[in-house]
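Here's the structure, in structure tokens; my notes come after.
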Amino acid sequence: MTTTVPATARKPATMAQALTRAMRDAMADDPSVHVMGEDVGTLGGVFRVTDGLAKEFGEDRCTDTALAEAGILGTAVGMAMYGLRPVVEMQFDAFAYPAFEQLISHVAKMRNRTRGALTMPLTIRVPYGGGIGGVEHHSDSSEAYYLATAGLQVVTPATVEDAYGLLRAAIASDDPVVFLEPKRLYWSKADWSPDAPTEVAPLGRAAVRRRGSSATLITYGPSLPVCMEAAEAARSEGWDLEVVDLRSLMPFDDDTVCASVRRTGRAVVVHESNGFGGPGGEIAARITERCFHHLEAPVLRVAGFDIPYAPPMLERHHLPGVDRILDTVARLQWESDWTAGGGE
Amino acid sequence: MTTTVPATARKPATMAQALTRAMRDAMADDPSVHVMGEDVGTLGGVFRVTDGLAKEFGEDRCTDTALAEAGILGTAVGMAMYGLRPVVEMQFDAFAYPAFEQLISHVAKMRNRTRGALTMPLTIRVPYGGGIGGVEHHSDSSEAYYLATAGLQVVTPATVEDAYGLLRAAIASDDPVVFLEPKRLYWSKADWSPDAPTEVAPLGRAAVRRRGSSATLITYGPSLPVCMEAAEAARSEGWDLEVVDLRSLMPFDDDTVCASVRRTGRAVVVHESNGFGGPGGEIAARITERCFHHLEAPVLRVAGFDIPYAPPMLERHHLPGVDRILDTVARLQWESDWTAGGGE
Amino acid sequence: MTVLEQPGSSRNTSSLAGPPPSWQPRTDPAPLLPDPEPYRLLGTDAAARLDSGLLTRLYTQLVRGRRYNAQATALTRQGRLAVYPSSTGQEACEIAAALALEERDWLFPSYRDTLAAVARGLDPVQALTLLRGDWHSGYDPHEHRIAPLCTPLATQLPHAVGLAHAARLKGDEVVALAMVGDGGTSEGDFHEALNFAAVWQAPVVFLVQNNGFAISVPLAKQTAAPSLAHKAVGYGMPGRLVDGNDAPAMYEVLGEAVQRARRGGGPTLVEAVTYRVEAHTNADDATRYRSAAEVEAWRAHDPIALLERELAARELLTDAFVDDIKEGAEQLAADLRERMNADPALDPMDLFTHVFAEQTSQLRAQASQLRAELDAEAAGHTEDAAGAGGVAEEARP
Amino acid sequence: MTVLEQPGSSRNTSSLAGPPPSWQPRTDPAPLLPDPEPYRLLGTDAAARLDSGLLTRLYTQLVRGRRYNAQATALTRQGRLAVYPSSTGQEACEIAAALALEERDWLFPSYRDTLAAVARGLDPVQALTLLRGDWHSGYDPHEHRIAPLCTPLATQLPHAVGLAHAARLKGDEVVALAMVGDGGTSEGDFHEALNFAAVWQAPVVFLVQNNGFAISVPLAKQTAAPSLAHKAVGYGMPGRLVDGNDAPAMYEVLGEAVQRARRGGGPTLVEAVTYRVEAHTNADDATRYRSAAEVEAWRAHDPIALLERELAARELLTDAFVDDIKEGAEQLAADLRERMNADPALDPMDLFTHVFAEQTSQLRAQASQLRAELDAEAAGHTEDAAGAGGVAEEARP
Ligand SMILES: Cc1ncc(C[n+]2csc(CCOP(=O)(O)OP(=O)(O)O)c2C)c(N)n1
Ligand SMILES: Cc1ncc(C[n+]2csc(CCOP(=O)(O)OP(=O)(O)O)c2C)c(N)n1
Ligand SMILES: [Mg+2]
Ligand SMILES: [Mg+2]
């Protein structure tokens, strides 16, 4: 996982392909890695992310399970107790909900409960977020539930390279990782060589995706490309925006985030998940706790509305887009003649 | 629900008794109110909160169900579809997790999905929080999960009067309410007359429990008595603390909270649930968004640690206590010679 | 002398032989067990007793249903539907489910069962709203007593039980019929729903359409049971196994179960053995997981063909009759096509209207924000406020 | 001519009669069905063939188990245990579960099954750690291959299936025995676990202790099934119904199921009909929901008394024998009492040690905070840092 590849070897690959490759390489390196879930075997998953794994490693290593998410995660817990390293696929975010009791009451607690005697080296892959025209229950952003659960690591890639690197790191972790895959980036492409993967960052490190001096956009997963686009568009308004991709929501990289905000003095958190009770509140609160006297304006949030996910034909109004981000940046109290009254 | 009672008629009652009385009165007033759950009938619930209801209204109105939380909530959804007003008891917070899919994918979404044709006048009573010496899985604070779910109202009483008033309001609401009952306050007592209940505040209104000018403690449920105690203790340190009891986490009473913080200029959010990803982040973030230029210091949080709930013999170290609150109040940058560097 | 002299034990050892005291089998399992073979009428001697009127009625519905399925799938190719899970090959189940119920009864369809809803009287455009994507559910469930099409598998089953139980508590003789797939039987909610129904003796009929697959996963990876109908005995309700492509057999078995439920006899589990002739949805590639030969064998056991054979034997399958039905079906399809070709009227502000009965201050603020954005958009200031409007076609599984 | 000439339909109507093509009962249900009456040995002719050595071994364990239960309950009264769910009356199930397994096997106990864990060799103090409250689980599960005592009902069952499946994949002949109560069978996890086990043919034995109640809820409100063992047929595994107070019968049935699993024969569901003679826990008031007469009837069917009768008939129940066993049991109790009377060594900093393998920066900061508070406390500045240390006695259900 530490080879660096010359740029010449790189060619376009999708995030889905990088994820497949990460599982493939992990399975080849370590016979204890087992992939399981609904339709992950013969079909290769409804998003084809496990394509070819059953063929290469056999159905015992990449297993089509019965249709029961609590059963999938619950049996994976037992497999982990016996020394395996299960990689579980939940078909869609909303279909992980039946497995919540197993996740919260067992997966997250097992190491702590047994003082380290039983560990849960589980990776739970959850395709999340909207923007794919899915009918209801196919576009939820469920990260807030995972973040509120002590004992879970929560990781999400936003780039093709990270898809590979973070998934390898997640599978290698001795603690459970909820690995959130942004559905609408599955077919995003980047020049990347699946044959000689690049260096893998450890979990818990954010990445500065764009340097800027006016304000920091803090985001992750599906909203990263939107923020990058917004940062480009902001140039014509005279704002030079920095963009931080969190990559790992837990552990949270306070250092990188705060260093950026201390430098720019302004921050907007952007995510798709509902605003109220969503990750943005935690992120804004911890930045404020740590960087209060560096802030020229309150940390603002651009998030999905506080509504059940919108039907496909209306989802573009729900999702945080470039204009909504720019409108929010504009509210970061740039005028010197600002008078009291708060952000509203 | 609008009668006001002379103080003379009042006598000591526990929160559990007030809750029982609220269900009793709601059942007497409205034949569509049905109570259901594990052990709620013959036994009267493991906390005795449904005591006497099966006797008074029969087992069809107060029903001992089979042991299956998704089944309980799922059948309650169907009952609500047919015009009943189910009041569901989850025996302990962690045992509501098996019902999450029903809660998130149906209860919270039904009105919106059907454009108001099917409503969910459901009350889901969840005893929550610790401090009762319960073994693991008996002391979770699960409010963050509910807050992150659009379409749910989340309500929690901290006083005997509110236990009655808020539960009546929850049962009367045409939308689903997750009604969080602080376990360790079940036997808290107050002078209150069960025979002529006092006025009932609508859902969504916070209450200022103590006036003060130095800083505002914002809290709810089990942490209210701790905050009141802390406010008393703070007097000797020269701080005059205001205490706001949120009562309803969704809808959230921004007005009352912000009015207080704008006045005091400093705020600490206190709750038992894990800090990271807990309600405090949302609360601190929205206060900061709205009151930034009134704040003398960042909004700080005192919360449970980011760990699985502590075993009984260690729980006092986990729970936010008076000293931890006072230590945090002390960090609200009272010195004028404060120099940059953030809250840490 | 013995250990039982310790406190907490009893010295009374008189009734020591014999079974445990409160043990008593409460139900005889024998009548709960399904037949070993799927129940059939067509192609058997029993077919003779079938009423011709019923057969032509079923036939008409099957043909219309097949045409509806074909049209809906065609609409996905024209971009008018985001996705369509066809019930082609399963029409006998869908139609029988709809016809077995009375008006006052309730139907709880799964995401694949738009046809049952349409056969029950629901406007096909309303039935397809979810799959077109303009709203989550396109109809008022109370109008035809059809619960919203349910996507999270098996979660609709406890709803059916609760509704039926509530109706019974109110003294209404209402039956709920709930539909689920073979895959859905593996979910915990299936188990909990059947158990609640049996304990409450709720008037519910559970119809499992065993169409051989849950997306790509064949039944053998889903269960090791003798049949899915055999699950009934574990709840204490009768299990019935039926040839799901035999429309009159389906109609009879479901009808009996509905009547039994209405009479207070409690729930029934019906397994219909059928086959999903087309792919899981238009977006699925079924060749990845099954052979053309298997599909062909099932096409030969087609529900319409089975019924045609009986109608032909009765000399009812005249050109005039068939043409008439085909014409009706074509009309249904043409009407559906035309109406689905019109863009639905959409108001983005609806996103906030039905979250709660009373809008919260938070939602009011968000609604104003969207209103302002829409106004700005209308004023031509911005073209794509979301920057995320593009939907990757491949991203629809 | 007919409708099937439409695209998507087949004209091949040759095989129209006959059952659906891919239909085939894969398992004969008959051998999966449990006996109509609970299997018994004691008090029947078959008892004669039982080995006296086995009987005395079982008896010794039952007596020790009863004493252990009594001692643990006593510890709750002395404030040394927060709560104790006694298995008094169910000792035959607990002991048989422990003895039926080999060392390499795994036991998955529910929260009531500390006795089975102790009988398997676990230190009783470690078994009671959870209930004393110094930590969540008091032992290393790998040491005796005992999973942590499981409080969320039925959630341990899929763990047992996964572990057994993993062992089989690795080629190890390990069997998992998972324990659950009658109430727990209503949970979705029960269903999903049994289904996975049957599909995978995993070497698991599911032991349901039907003790008549889930806290206050009697079996009749939990299920309408002929027996809980009848649920087996719906998964395609054998169901066995046993008198759970008949220790040799329990031992035999569980032993057979374990052997069957080890030989690759797949899972078995065993229902033991027994009774919870004491209250749900020390904090429960069982008189609220059941009659003294019912309890008395069951005391008369006590597992120890049943076995004593057989031992007496064999003239094995000598004073010396009984005294010896009683003495051993008293020693066990005295040792337990003594060790539980010592305050456990507790380090609050442990709260942060095992959340993750590597502590996060956030947890490091929180640990420093607690360390500072503890130091301040030690320095006598504060007496009660939490202000929430008082535990309402009534608050423990
Ligand atoms: C709880 C849940 N998990 C997963 C899915 C994704 N999913 C949609 S359809 C399907 C297969 C359903 O199979 P079956 O129940 O046999 O119904 P069929 O599609 O054959 O009609 C799956 C896995 C879902 N909708 N809900
Ligand atoms: C998922 C879940 N729901 C509820 C509870 C609370 N609870 C603890 S024990 C119990 C009754 C269990 O009954 P049964 O399964 O028959 O076991 P028994 O107590 O009779 O041994 C209940 C409801 C729980 N522990 N887990
Ligand atoms: Mg199917
Ligand atoms: Mg029991």
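Because the structure is predicted, anything quoted here is derived from the model rather than measured.
In this structure, the portion of Phe196(C) lying under 4.5 Å from any heavy atom of chain B is its side chain and not its backbone. In this structure, no portion of Arg61(B) lies under 4.5 Å from any heavy atom of chain C. In this structure, the portion of Met250(B) lying under 4.5 Å from any heavy atom of chain C is its side chain and not its backbone. Neither the backbone nor the side chain of Thr119(B) comes within less than 4.5 Å of any heavy atom of chain C. Within the 4.5 angstrom heavy-atom criterion, atoms from both the backbone and the side chain of Ala167(C) approach chain B. Residue Ala160(C) does not touch chain B at all, counting heavy-atom pairs closer than 4.5 Å. Only the side chain of Phe108(C) comes within contact range of chain B, judged by heavy atoms closer than 4.5 Å. Both the backbone and the side chain of Ala147(C) come within less than 4.5 Å of a heavy atom in chain B. For Asp175(B), the part lying under 4.5 angstrom from a heavy atom of chain C is the side chain only.
Side-chain N or O atoms of Trp135(C) include none that pairs as donor or acceptor with a backbone N or O of Thr114(B) at under 3.5 Å. The closest donor-acceptor contact from the side chain of Lys109(B) to the backbone of His136(C) lies at 3.5 Å or more, if one exists at all. Between the side chain of Gln102(B) and the backbone N or O of Thr155(C), at least one donor-acceptor pair lies under 3.5 Å.
Listed by sequence position, Gly151(B), Leu152(B), Gln153(B) are the residues of residues 143-153 of chain B in contact with chain C, using a 4.5 angstrom heavy-atom cutoff.
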Under the side-chain contact (heavy atoms from CB on, under 4.5 Å) criterion, do Tyr82(B) and Leu169(C) qualify, and how do the steps go? CA-CA 11 Å; Tyr82(B) 205 77; Leu169(C) 289 177; over 6 Å; no
Evaluate the side-chain hydrogen bond (donor to acceptor under 3.5 Å, both in side chains) criterion for residues His106(B) and Gln156(C): first the C-alpha distance (whole Å), next the side-chain angles of each, then the deciding distance (0.1 Å), finally the verdict. CA-CA 9 Å; His106(B) 289 296; Gln156(C) 72 277 22; over 6 Å; no
Intermediate values then yes/no, side-chain contact (heavy atoms from CB on, under 4.5 Å), Arg113(B) and Leu130(C): CA-CA 10 Å; Arg113(B) 162 196 288 156; Leu130(C) 169 75; over 6 Å; no
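For the side-chain contact (heavy atoms from CB on, under 4.5 Å) test with Arg115(B), the passing option among Asp350(C), Thr353(C), Asp140(C) is Asp350(C); the others fail.
Around CD of Glu358(C), the count of heavy atoms belonging to other residues, nucleotides or ligands within 6.0 Å does not exceed 12.
Screening residues 22-41 of chain B for ring-ring contact (aromatic ring centres under 6.0 Å, His included) gives no qualifying pairs among residues at least two apart or on separate chains.
When the candidates Leu67(B), Leu73(B), Asp253(B), Ile72(B) are compared by the number of heavy-atom contacts under 4.5 Å with chain C, Ile72(B) comes out ahead. The candidate from Ala68(B), Pro86(B), Pro31(B) with the greatest count of non-hydrogen atom pairs under 4.5 Å with chain C is Ala68(B).
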